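What follows is a short report on a single structure.
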Amino acid sequence: MQNAEAVFSSLPYIGRGIPMTLIITTITLAFGALIGLPLALARVYGNRFWAGLVNTVVQTIRSIPLIVIIFIAFSVLSDLQLPAFVAACLSLAIRSSAYQSELFRGAIQSIGPGQMMAARALGFTRIRAIFHIIIPQALRLAIPSWSNEAAVVLKDSSLAFAVGVLEMMRRADYVRARTGNAILTYALVGIIYFLMTFITNRLLDQLDRRLSVPMEGS
């Protein structure tokens, strides 16, 4: 009972790790998108060489466990005197970019070829058509899949504790070591992650409904 009380009294301390968790998640999703979208465009519109190269890179990244990527990045960046926070964000962004490139590729390919043909008929160059016609539609269509990726990245951000980043999981581990009550500590952290994931998905669902249109063009 005393250990349980100590765990509950430590909830504010654990909660102070939530901003760091959200910062890592936000940075990861943003940079993952900035890298993933060009990769998707290369796979859809690039020549055989670039499409094949990007596909190989994406499949390689997806096949490596995230914790391995984190430890590699941490080992390299620590030699450059960069903090563990940077290594964690970089690792998560690289991994997320591979998955985001897949969801962006699917969204781009779901847009009918008539969109590109109509844009070209109106005098758009291929590049202008991609950036002004295809990408805006693809980004909207990708929101449901991107919502799933956001949930995955939010949960994967907990792996940053492995390199010492003081996010929610690292704080929970300190509480576990101090109280000796691992089950209750990690159960409470699991509930917090569930609530954060639930709220994130609901917000993105609302965004998807707000940006949806009655009928998709072909």
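These numbers were taken from a predicted model, which means no experiment stands behind them. We count residues from 1, following the sequence as given.
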- request: Under the salt bridge (Lys or Arg N to Asp or Glu O under 4.0 Å) rule, collect the residues that match up with D173, sequence neighbours excluded.
  value: R176

message: Please enumerate all residues that pass salt bridge (Lys or Arg N to Asp or Glu O under 4.0 Å) together with R62, with sequence neighbours excluded.
response: E102

Would you indicate whether the side-chain heavy atoms of [Y] and [X] approach each other to under 4.5 Å?
X	Y	result
R210	Q206	no
M168	M20	no
F104	I135	no
T25	M196	no
L166	F85	no
Y99	V152	no
I192	I18	yes

message: Given S10, which partner from the list R178, R171, E5 fulfils the side-chain hydrogen bond (donor to acceptor under 3.5 Å, both in side chains) test?
response: R178

Report yes or no: does [X] contribute a side-chain atom to a donor-acceptor pair with the main-chain N or O of [Y] at less than 3.5 Å?
X	Y	result
T185	A182	no
S78	S75	yes
S63	T60	yes
S96	A93	no

task: Using distance alone, with no hydrogens and no angle criterion, decide if S147 and N201 have a side-chain donor and acceptor under 3.5 Å apart.
output: yes

According to a hydrophobic-cluster definition based on side-chain heavy atoms being under 4.5 Å apart (Ile, Leu, Val, Met, Phe, Trp, Tyr only), do [X] and [Y] belong together?
X	Y	value
V44	W146	yes
I35	L29	no
I61	L41	no
I133	I127	yes
L103	L141	yes

Write down the atom of [X], the atom of [Y], and the distance for their closest heavy-atom approach.
X	Y	result
T179	V7	OG1-CG2, 3.5 Å
I143	L204	CG2-O, 3.7 Å
Y193	L154	CE2-O, 3.7 Å
V58	A98	CG1-O, 3.6 Å
A129	A119	CB-CB, 3.7 Å
A73	S91	CB-OG, 3.1 Å

Rounded to the nearest 0.5 Å, what's the gap from [atom1] on [X] to [atom2] on [Y]? Could you check?
X	Y	atom1	atom2	value
R95	I69	CZ	CD1	5.5 Å
F161	Y174	CZ	OH	10.5 Å
T125	R120	OG1	CZ	7.0 Å
L184	L188	CG	CG	4.5 Å
N148	T200	CG	OG1	12.0 Å
T28	L92	OG1	CG	4.0 Å

Heavy-atom count check: over 12 atoms from other residues, nucleotides or ligands less than 6.0 Å from [X] [atom1]?
X	atom1	answer
F31	CZ	no
F198	CZ	no
L122	CG	yes

- prompt: Please walk me through it: do R170 and V165 pass side-chain contact (heavy atoms from CB on, under 4.5 Å)?
  reply: CA-CA 7 Å; R170 169 58 69 177; V165 178; over 6 Å; no

